[in-house]
Amino acid sequence: MKKLLNTLYITRQDTYLHKERETIIIKQGDQKLGQFPALTVGNIVCFGQVTVSPPLMGYCGEQGIAISYYTEQGKFLARIYGRQVGNVLLRRTQYRFADDQQKVISLAKLIVGAKIANSRYVYLRQIRNHGESSSLQLISDRLANCLSRCEQVNDYQQLLGLEGEAALAYFSGLNELIRNNEFSFSTRVRRPPTDPINALLSFVYSIITQECLSALLGVGLDPFVGFLHKERPGRPSLALDLLEEFRAAWADRFVLTLINRKQLTSKDFVQEASGAVHLTDYARKTLFAAYQARKQEEIIHPYLQERVQIGLLPHCQALLLARYMRGDLEYYPPYLVK
Amino acid sequence: MLINEDNYLPISALQHYAFCPRQCALINIEQAWAENFWTAEGRLLHERVDGGEAEQRGYFRTERSVAVISHRLKINGKLDLLEITGRHPKKYFPVEYKRGKPKIENWDKVQLCAQVFCLEEMRNIEINEAAIWYWKTRKREYMIIDQSLRDLTEKIIIDTHEMIESGITPKPTFSKRCLSCSLIDLCEPKIIQNDQSKNYINGIFKV
């Protein structure tokens, strides 16, 4: 498998990034904050007032290093990506697949199936590690029921309904997995999140979505043409499709770990007058450090049967998806927690 | 008449095809490229070889990175070094630079022969001899461009054209040579050769 490259998250305000020989230098005023060999960097993510020099941008484009810009609060703004990789034949195949209802439904079904199976696994694991719980067992059973119905579905609207039903069941038990009495979770709220757990979930989903987007571009697929997610201007539908497989297994469990290990406390969140909740600078820094460490952890990929780092999962899945579309594989094997 | 050169093959594709048709398709159809130790070493070697002015010493002239083309075979590429001696007739002697050592297989010879085809067509001459210089042995290996090599090279050119026109990347067969291929991570020969996706997806819905 390819090498897992680092992501540089620049959260400090008024910083300036530039290139010196084959390294990336981060400065604030005249003070040098850090210097990294460009070879080891795959992504640069800038929050708020961060300036990147044009020569560094050009170099990143050449080397396939993506630069993306977010507001200080973490809202995605823009991305700079170099020469398009892959070829038009694959993208056309992808578009033809997206126009073919039979292909759309069969692929979307696999993605939803994997999503439900992975959600259920969160509860199975909890029961295994922390003992029998009738309420959690009930959720697991309901998810199992959704899963077996998912296999029979042959209609897009029905599939969406099933996905919604499974998500509702899944989130209904999430509060029981929180072992830190500073926090609680009742229901999933987005745009804006109004409690810390929802703020964390939204934040982590958006980070992983961007990684899925990069991975798809990297194998030559168009991240904006999806199957489960329909196209909408500005929405990276295929990246969101890919994210589904990772939500429960990777994103949610990462958020729970941060909270349960008390790496974050209620002081790490700010509530605005509107009720919207977001992370403080410090919390974001803690999160990124933990996230980078998590990405280094190795698992055995369930389909490839190879040791891969968690951070490479988006690439693995993008690669398998491309291989499926090219006709190398009969079916797309989504990521399943084992 | 305007000649459409869109569908011309790069000569390098022939060597890739001879090594592995799937590798050739990954590079020329799927536009994939990845560097590993061997490709990086080759690139550095060529940075040294390429460029530089043509040199003329009496009736001996050397030119580097010479662009060549054959409209008959629809191929084009570059010659590393071309030595031209004599006056009437001039003798053309192409030299290809290679990173490794002489190989058992014909890949390097095929590439050289394709370059010879181009030169012959461009200058309307016949070339019977050429050489490959190997970095490891630091020696020239002289090659006779005989009929059997010409036949083999023409066949590979036709096959490669056909594959690229089809736009279909052939399935892999895993072998020892995969281990030295820089595209192994994109190709995933073992996984594709042994397609278990049907079993795998059935497992998703098992409760």
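Here the structure is a predicted model, which is why all the values come from computation and not from measurement. The chains referred to below are lettered A, B, ... by the order of the sequence lines, with proteins before strands, and numbering in each begins at 1.
Remark: A:K115 NZ to B:I204 CD1 distance equals 14.5 Å, nearest 0.5 Å. Note: B:K171 NZ to A:R323 CZ = 10.5 Å, rounded to the nearest 0.5 Å. Note that CG of B:D195 and OH of A:Y331 are 10.0 Å apart. Values are rounded to the nearest 0.5 Å. Rounding to the nearest 0.5 angstrom, the gap separating the OG atom in B:S197 from the CG atom in A:D328 is 10.5 Å. Here CG of B:D185 is found 8.5 Å from CG of A:L319. Values are rounded to the nearest 0.5 Å.
Within 6.0 Å of the CZ atom in B:R123, the count of heavy atoms belonging to other residues, nucleotides or ligands does not exceed 12. Atom CG of A:N129 sits in a crowded spot, with more than 12 heavy atoms from other residues, nucleotides or ligands closer than 6.0 Å. Other residues, nucleotides and ligands place no more than 12 heavy atoms under 6.0 Å from the CD atom of A:Q102. B:K78 NZ: 12 or fewer foreign heavy atoms inside a 6.0 Å radius. Within 6.0 Å of CZ on A:R128 lie more than 12 heavy atoms contributed by other residues, nucleotides or ligands. By the 6.0 Å contact criterion, CZ on B:R140 is enclosed, its count of non-hydrogen atoms from other residues, nucleotides or ligands being greater than 12.
Contact check for A:E306 versus B:E188: side-chain heavy atoms found under the 4.5 Å cut-off.
Heavy atoms closer than 4.5 Å to chain B are found nowhere in A:Y324, neither backbone nor side chain.
Chosen from A:A114, A:A322, A:A144, A:S148, the residue pairing most often with chain B at heavy-atom distances under 4.5 Å is A:A144.
Residue A:L329 comes nearest to B:I191 through the heavy atom pair CD2-O, 4.3 Å, listed as atom of the first residue, atom of the second, then distance. The two residues A:Y303 and B:N194 make their nearest non-hydrogen contact at OH-O, 4.4 Å.
Between the side chain of B:Y200 and the main chain of A:P334, a donor-acceptor pair closer than 3.5 Å is present.
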Would A:L110 and B:F205 count as a side chain to side chain contact (heavy atoms under 4.5 Å, CB included) here? Give the steps. CA-CA 9 Å; A:L110 295 178; B:F205 301 101; 4.2 Å; yes

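Ion pair A:E151/B:K206 not flagged as a salt bridge, since none of the NZ, NE, NH1 or NH2 atoms sits closer than 4.0 Å to an Asp/Glu carboxylate oxygen.
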